[in-house]
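A short worksheet on the structure shown next.
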Amino acid sequence: MTVAFFILALLTVAGTAAAMGLRNAVHCVLALTLGFAGVAAIYLQLDAQFVGLTQIMVYVGAVAILAVFAIMMTHSPGPAKPAAYSSYWILGGLVAAAVFAVLAWAIHSDSASLQPLPVQPEVTVQQIGDALMHHFVLPLEIMGLLLTAALIGAVVIAMDRSEEPK
Amino acid sequence: MNSLQNYLLLSSLLFAIGLAGALTRRNAILVLIGIELMLNAANLNFIAFWRFGLNPSALTGVMFAIFSISVAAAEAAVGLAIILAAYRHSKTTDLDQMNSLKG
């Protein structure tokens, strides 16, 4: 089990690091799908099957496709290739490394997180559906409202108003 | 031993990678992807704490992760729409060149 975790973790970190490091934006998104799929596999390993499959459908399926479309629609065909990194990239990298160092120190110095894996919980999709329909029904409705508002808002924001008939 | 610590370390590494990307990339879409990676790290934490928690049959962590994924999807859609609108306005997605609030 540990070997599987380390392989998946290596895959995830390699994919996400490539997604943030490569110069070509389309290659970045392709590497990103690898990272998202690795996270989904780690969810499956943690016995959260529903969340893992949701991760594959939402991130690998929808978000990556959306990002590829946005990159292709904003691609400027000019010969001059802009630099991939911002002018203050050293500062940004240092901040990220400091954040990771603090988090890793906090995790390492905490002995409560050394407990072994508890017994495998029996989580079926039916249980998740029951919880969504009874205990979490109000958050579910609010989420539906939020998604509707967000999608209508996205269409309105991205609409091209220059060709509107007056 | 496959302890909670490994998962927390992995998720903080994911968070740091996403933060580094969001802070250093010039393409606005890749900055948004970095933010998505940070959200993914938070979701991994939810699932790991749920799995190693005292009462995994309560499903709280799973529910939180599902709602968090939904919010992240809505955020990605609105964010990319804003980037498209900004691109239409300034003809670039380079964040170093988008430095004026007034059009």
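Convention: sequence-line order gives letters A, B, ...; per-chain numbering from 1. What you see is a predicted model; the values in this text were computed from it and never measured.
Comparing A131(A), P139(A), A64(A) by how many heavy-atom pairs each has under 4.5 Å with chain B, the most go to P139(A). Between chain B and the options G35(A), G153(A), A67(A), heavy-atom pairs under 4.5 Å are most frequent for A67(A). In terms of heavy-atom pairs under 4.5 angstrom with chain A, the leader among L84(B), L80(B), I83(B) is L80(B). Of the residues considered (I33(B), V62(B), N27(B), L32(B)), I33(B) shows the highest number of contacts with chain A, using heavy-atom pairs under 4.5 Å. If you tally non-hydrogen atom pairs under 4.5 Å between each of T16(A), L103(A), V99(A) and chain B, the highest count goes to T16(A).
Taking all atoms of both residues into account, the shortest heavy-atom contact from I157(A) to A81(B) is CG2-O, 3.7 Å. Taking all atoms of both residues into account, the shortest heavy-atom contact from L19(B) to A96(A) is CD2-CA, 3.9 Å. Here the shortest heavy-atom pairing between A77(B) and L151(A) reads CB-CD2, 4.1 Å. Summarising the geometry of L30(B) relative to A19(A), their closest heavy-atom pair is CD2-O, 4.4 Å, with the distance given to 0.1 Å. The two atoms that bring I69(B) and T54(A) nearest to each other are CG2-CG2, 4.3 Å, heavy atoms only. Closest heavy-atom contact between T24(B) and G93(A): CG2-N, 3.8 Å.
For the ring-ring contact (aromatic ring centres under 6.0 Å, His included) condition, the pairs that include at least one residue of residues 17-57 of chain A, sequence neighbours left out, are F36(A)-Y59(A).
Looking at V58(A), only its side chain comes within 4.5 Å of chain B, counting heavy atoms on both sides. Heavy atoms of F15(B) lying under 4.5 Å from chain A belong exclusively to its side chain. Looking at I17(B), the atoms closer than 4.5 Å to chain A (heavy atoms on both sides) sit in the backbone and in the side chain alike. Within the 4.5 angstrom heavy-atom criterion, atoms from both the backbone and the side chain of I128(A) approach chain B. I152(A) does not touch chain B: none of its heavy atoms, backbone or side chain, sits under 4.5 Å away. Contact of L44(B) with chain A is made through backbone and side chain together, with heavy-atom distances under 4.5 Å. Of the two parts of A70(A), the backbone and the side chain both hold a non-hydrogen atom closer than 4.5 Å to a non-hydrogen atom of chain B. Using a 4.5 Å cut-off between heavy atoms, L94(A) does not touch chain B at all. Contact annotation for I82(B): both backbone and side-chain heavy atoms come within less than 4.5 Å of a heavy atom of chain A.
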Worksheet item: Under the side chain to side chain contact (heavy atoms under 4.5 Å, CB included) criterion, do L14(B) and F100(A) qualify, and how do the steps go?
Response: CA-CA 9 Å; L14(B) 277 185; F100(A) 176 67; over 6 Å; no
Discussion item. Let's go through W50(B) and V123(A) carefully: what are the C-alpha distance in whole Å and the side-chain angles of both, what is the deciding distance for side chain to side chain contact (heavy atoms under 4.5 Å, CB included) to 0.1 Å, and is it a yes or a no?
Written reply: CA-CA 12 Å; W50(B) 164 74; V123(A) 178; 3.7 Å; yes
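By the criterion of side-chain heavy atoms lying less than 4.5 angstrom apart, applied directly or through intervening Ile, Leu, Val, Met, Phe, Trp or Tyr residues, L146(A) is grouped together with L132(A) in one hydrophobic cluster. With hydrophobic clusters built from ILVMFWY side chains whose heavy atoms lie under 4.5 angstrom apart, V63(A) shares a cluster with F67(B). Cluster membership for I107(A) and F52(B), using ILVMFWY side-chain heavy atoms within less than 4.5 angstrom, is shared. Hydrophobic cluster membership is shared by M20(A) and L66(A), with clusters built from Ile, Leu, Val, Met, Phe, Trp and Tyr side chains linked at under 4.5 angstrom. In the hydrophobic clustering of this structure, V29(A) groups with M72(A); members are Ile, Leu, Val, Met, Phe, Trp, Tyr whose side-chain heavy atoms approach within less than 4.5 Å, directly or through other members.
In this structure, M73(A) places its CE atom where only 12 or fewer heavy-atom neighbours from other residues, nucleotides or ligands lie under 6.0 Å away. The 12-atom threshold is not exceeded at CZ of F64(B), counting heavy atoms of other residues, nucleotides or ligands nearer than 6.0 Å.
Between F5(A) and Y7(B), the distance from one ring center to the other falls under 6.0 angstrom.
Residues L59(B) and F136(A) have side chains not in contact (no heavy-atom distance under 4.5 Å, counting atoms from C-beta outward). Using a 4.5 Å cut-off on side-chain heavy atoms (C-beta onward), M143(A) and I66(B) make no contact. Side-chain contact check for I42(A) versus I47(B): every heavy-atom pair is 4.5 Å or farther apart.
Both cation-pi conditions hold for R25(B) and Y85(A): the charged atom is under 6.0 angstrom from the six-membered ring centre and inside a 45 degree cone around its axis.
A donor-acceptor pair shorter than 3.5 Å can be found between the side chains of N40(B) and Q55(A).
Note that OG1 of T12(A) is 6.0 Å distant from CG of L10(B), once rounded to the nearest 0.5 Å. Summarising the geometry, atom CG belonging to L91(A) is positioned 8.5 Å from atom CG belonging to L23(B); distances are rounded to the nearest 0.5 Å.
Using a 4.5 Å cut-off between side-chain heavy atoms of Ile, Leu, Val, Met, Phe, Trp and Tyr, L10(A) forms no hydrophobic cluster with any other residue.
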